[in-house]
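Scroll down for the structure; my scribbles are underneath it.
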Protein chains: 2
Amino acid sequence: MPEGRIMNRIRYLRFINGEMTQEQLAEKAGCTRQTIIALEQRKYHPSLLLAFRIARALGQGIEDVFQYEEQGG
Amino acid sequence: MPEGRIMNRIRYLRFINGEMTQEQLAEKAGCTRQTIIALEQRKYHPSLLLAFRIARALGQGIEDVFQYEEQGG
DNA sequence: CACCCTAGTAAAAGTCTCTTGACATAGCGT
DNA sequence: ACGCTATGTCAAGAGACTTTTACTAGGGTG
């Protein structure tokens, strides 16, 4: 698959939402703490399903949490 | 990962956008025709990256193309 | 110091996503 | 009938995502 960066504001939104810990977010989103750590450090992109769950857990829409930047424009 | 359905309107939006064929959408989104077929038939969910690329190829936001339905309410 | 909480690192294993290639079906025009 | 286009099926394999487990380290509290 071609390039295109995805940025995320998970860490930022975690603190806006009452200082949630990684573990609290993980539990609310239904994944493990490891996954949250990896995403905050941009080790990889989440699946669409997990992206939705994290966005909802943070009280946001997907595109408020994850921003796609096209490369060619 | 827990449940939660993701519906998509790829096929519908393909026709709204000037009767795009699966192959045209695939090329514009940077994936293969097989992948478009699988997604339209909901064989699996796309990655977040591909979801963004498909949404952009269809001139839409992610949540206009993919709808997440929580199970517990 | 001893204890707990939060965050980070690492590796193995399993599941899911995506591609490639070959083949099948249906419609449409000639 | 023949060729062309659009859609669909199947299978194998590579690569990406996620979990599990174990371990390290800093900060605060008693």
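Letters A, B, ... mirror the listed sequences (proteins, then strands); counts begin at 1. Values below: every heavy atom of this structure, side chains too, minus hydrogens, waters and symmetry copies.
When rounded to the nearest whole Å, the span between CG of Leu48(B) and P of dA16(D) equals 16 Å. As rounded to whole Å, 7 Å separates atom P of dT18(D) from atom CG of Leu39(A). Atom NE2 of His45(A) is separated from atom P of dG15(D) by 17 Å (rounded to the nearest Å). The CG atom of Leu50(A) sits 15 Å away from the C1' atom of dT17(C) (whole-angstrom rounding). Counting to the nearest Å, the C1' atom of dA7(C) and the CD atom of Glu27(A) are 17 Å from each other. Spacing between atom CZ of Arg53(A) and atom C1' of dC17(D) amounts to 16 Å, rounded to whole angstrom units. Straight-line distance from the CG atom of Leu49(A) to the C1' atom of dT19(D): 15 Å, rounded to whole Å. Taking atom OH of residue Tyr44(B) and atom P of nucleotide dC10(D), one finds them 14 Å apart after rounding to whole Å.
Shown here is Glu27(B), whose CD atom has no more than 12 heavy atoms of other residues, nucleotides or ligands within 6.0 Å. Within a 6.0 Å sphere centred on CD of Gln60(A), other residues, nucleotides and ligands contribute more than 12 heavy atoms. The neighbour count for Glu23(A) CD, taken as heavy atoms of other residues, nucleotides or ligands under 6.0 Å away, does not exceed 12.
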Pick out the pairs of N or O atoms, protein on one side and nucleotides 7-9 of chain D on the other, that lie under 3.5 Å.
{"from": "dT7(D)", "atom 1": "OP1", "to": "Arg14(B)", "atom 2": "NH1", "distance (Å)": "3.1"}
{"from": "dT7(D)", "atom 1": "OP2", "to": "Gln22(B)", "atom 2": "N", "distance (Å)": "2.9"}
{"from": "dG8(D)", "atom 1": "OP1", "to": "Arg11(B)", "atom 2": "NH1", "distance (Å)": "2.9"}
{"from": "dG8(D)", "atom 1": "OP1", "to": "Arg11(B)", "atom 2": "NH2", "distance (Å)": "3.4"}
{"from": "dG8(D)", "atom 1": "OP2", "to": "Arg11(B)", "atom 2": "NH1", "distance (Å)": "3.2"}
{"from": "dG8(D)", "atom 1": "OP2", "to": "Gln22(B)", "atom 2": "NE2", "distance (Å)": "2.5"}
{"from": "dG8(D)", "atom 1": "N7", "to": "Arg33(B)", "atom 2": "NH1", "distance (Å)": "3.2"}
{"from": "dG8(D)", "atom 1": "O6", "to": "Arg33(B)", "atom 2": "NH2", "distance (Å)": "3.1"}
{"from": "dT9(D)", "atom 1": "OP2", "to": "Gln41(B)", "atom 2": "OE1", "distance (Å)": "2.7"}
{"from": "dT9(D)", "atom 1": "OP2", "to": "Gln41(B)", "atom 2": "NE2", "distance (Å)": "2.8"}
{"from": "dT9(D)", "atom 1": "O4", "to": "Gln34(B)", "atom 2": "OE1", "distance (Å)": "3.3"}
{"from": "dT9(D)", "atom 1": "O4", "to": "Gln34(B)", "atom 2": "NE2", "distance (Å)": "3.1"}

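For the pair Gly30(B) and Arg53(B), the tightest heavy-atom approach, listed with the atom from each and the gap, is CA-NH2, 4.4 Å.
When the side chains of ILVMFWY residues are joined at heavy-atom separations under 4.5 Å, either directly or via intervening members, Tyr68(B) and Leu49(B) end up in a single hydrophobic cluster.
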Discussion item. Please evaluate residues Arg5(B) and Arg42(B) with respect to the criterion side chain to side chain contact (heavy atoms under 4.5 Å, CB included), reporting the C-alpha separation (whole Å), side-chain torsions for both, the decisive distance (0.1 Å), and the verdict.
Written reply: CA-CA 10 Å; Arg5(B) 260 203 182 59; Arg42(B) 301 192 176 83; over 6 Å; no
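Here Thr35(B) reaches the OP1 or OP2 of dT19(C): one of its side-chain N or O atoms lies under 4.0 Å away. Checking the phosphate oxygens (OP1, OP2) of dT17(C), no side-chain nitrogen or oxygen of Ser47(A) falls inside 4.0 Å.
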